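Data first, discussion second: the structure below is written as structure tokens.
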Amino acid sequence: MWCKSLAHISRRVSRSTFRDFHVTGTFSSRDLKESENLRSDVRKKSPRILITGGLGQLGTECAKLLRKNYGNENVILSDIIKPTDENLSNGPFIFADILDFKGLQKIVVNYRIDWLIHFSALLSAIGEQNVPLAVRVNIEGMHNVIELAKQYKLRIFIPSTIGAFGPDSPRNPTPNVTIQRPRTIYGVSKVHAELLGEYYHHRFGLDFRCLRFPGVISSDPPGGGTTDYAVAVFHEGLLTKKYECYLEPCTRLPMMYIEDCLSALFQFLNTSNDQLRRRVYNVTAMSFTPEELFNELKKHVPDLKITYKPDGRQYIAESWPQVFDDSEARRDWGWQNKYNLEQLVESMIRDVRVNLLSKKSLKEVNSYV
């Protein structure tokens, strides 16, 4: 809608302004003022967006996508981690501690925030190593942002996960609404966020939106999730030609490539409320096992050596969905993925090689890949 408005305004400005230029040979002050006013109107239509936990796997890529569509100055990236020069060069970055309600409140007011995208969380494997911290970050921090969204009438997006389901859930397929009862603090915190967000929507009219993502695969280094073997194998396998997997070869889990993940997020954020029959939706692209992924990767890296040494993450994976049913998202707001397993592997090899090239000399990387 915003893009259509921009195109319409551009045509209107062009017709009036350039018609006058053709007749008089100059742009009148009235024309220039009208053009500037119309550009100002367009800027006002763009939401002001705050991303918390913005230096994680999804945050930086999400910021790039939103800045491309809404302008760099309208998307504020935040975290408690020190940003890189690249993070600082692409748009506004601020320090934001999600456990500091007044600090967040000040940011929302000073930056006139309209949308809040809340990525701050400890993932499944990391959360199990420090449950008290996970409770503070994943639950108390979520309470802060959702109360803030209610107070200032923000549109708020909080991602959920396949980890929000447990061993009592149907695993193949896992429908949108079913028994959940997860057995990790990460999963418990996400179910809590889903239910509290739905309650705030029905009780206070909060524009709460949530997508349950599967394992998200990108060229960023692994971040401590149970599905991260599907990321680590590209980083380690392309460099060393070997990888030891912490899951059993037949462990099937839902997955999606980062481009599909960002596409779903952007489409969902821009879907009108009257199209949403729910506030929480499953989304996915494919399901595969480690063995299936490695076999596809070996087509490109034939001498890749894979070994298996299952650890505690195997127990977590066995309680999660094998196949995600996202038919409701496809029905209600037209979700469609673009990447299958073959395309995912090709894209990841390309992306990881580019990352390696940025860190090593071309000669070094070519000796590996």
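Any value given below was found using the heavy atoms of this structure, including those in side chains, with hydrogens, waters and symmetry copies removed. We count residues from 1, following the sequence as given. As the structure is a computational prediction, the values presented were derived from the model and not from experiment.
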Side-chain heavy-atom pair [X], [Y] within 4.5 angstrom cut-off:
{"X": "Gln267", "Y": "Trp335", "result": "yes"}
{"X": "Glu328", "Y": "Asn282", "result": "no"}
{"X": "Val345", "Y": "Phe234", "result": "yes"}
{"X": "Leu253", "Y": "Ser287", "result": "no"}
{"X": "Thr52", "Y": "Ile98", "result": "yes"}
{"X": "Asp351", "Y": "Tyr257", "result": "yes"}

* Checking side-chain contact (heavy atoms from CB on, under 4.5 Å) for the pair Cys62/Leu262: CA distance, chi angles, key distance, verdict? -> CA-CA 6 Å; Cys62 178; Leu262 295 173; 4.0 Å; yes

Between [Y] and [X], does any NZ, NE, NH1 or NH2 come within less than 4.0 Å of an OD or OE carboxylate oxygen?
{"X": "Lys241", "Y": "Asp303", "value": "yes"}
{"X": "Arg212", "Y": "Glu194", "value": "yes"}
{"X": "Asp207", "Y": "Arg209", "value": "yes"}
{"X": "Arg48", "Y": "Asp114", "value": "no"}
{"X": "Arg252", "Y": "Glu292", "value": "yes"}

* To do: May I ask you to check whether Glu86 and Ser89 show a side-chain donor-acceptor distance below 3.5 Å?
  =>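 The criterion, which ignores hydrogens and geometry beyond distance, is not satisfied for Ser89 and Glu86.
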
Could you report the tightest heavy-atom contact between [X] and [Y], atom names first, then the distance?
{"X": "Phe165", "Y": "Ile179", "value": "CD2-O, 3.9 Å"}
{"X": "Arg330", "Y": "Asn337", "value": "NH2-OD1, 2.9 Å"}
{"X": "Glu236", "Y": "Tyr243", "value": "OE1-CD1, 3.5 Å"}
{"X": "Lys190", "Y": "Ser160", "value": "CB-OG, 3.5 Å"}

* Asked: Taking Arg171 for the side chain and Trp320 for the main chain, is one N or O donor matched with an acceptor at less than 3.5 Å?
  ->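 Such a contact is found between Arg171 side chain and Trp320 backbone.
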
* **Tyr246 and Tyr229 aromatic ring geometry - parallel, tilted or perpendicular at 30°/60° bounds** =>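 Because their plane-to-plane angle is over 60°, the rings of Tyr229 and Tyr246 count as perpendicular.
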
* Asked: Yes or no on side-chain contact (heavy atoms from CB on, under 4.5 Å) for Cys210 and Phe157, after CA distance, side-chain angles and deciding distance?
  -> CA-CA 6 Å; Cys210 177; Phe157 175 84; 5.5 Å; no

* **Over 12 non-hydrogen atoms of neighbours within 6.0 angstrom of CG in Asn273** =>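 Counting other residues, nucleotides and ligands, CG of Asn273 exceeds 12 neighbours.
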
* For Arg136, does the CZ atom sit with more than 12 other heavy atoms under 6.0 Å from it, leaving out its own atoms? ->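 Count not over threshold, so no.
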
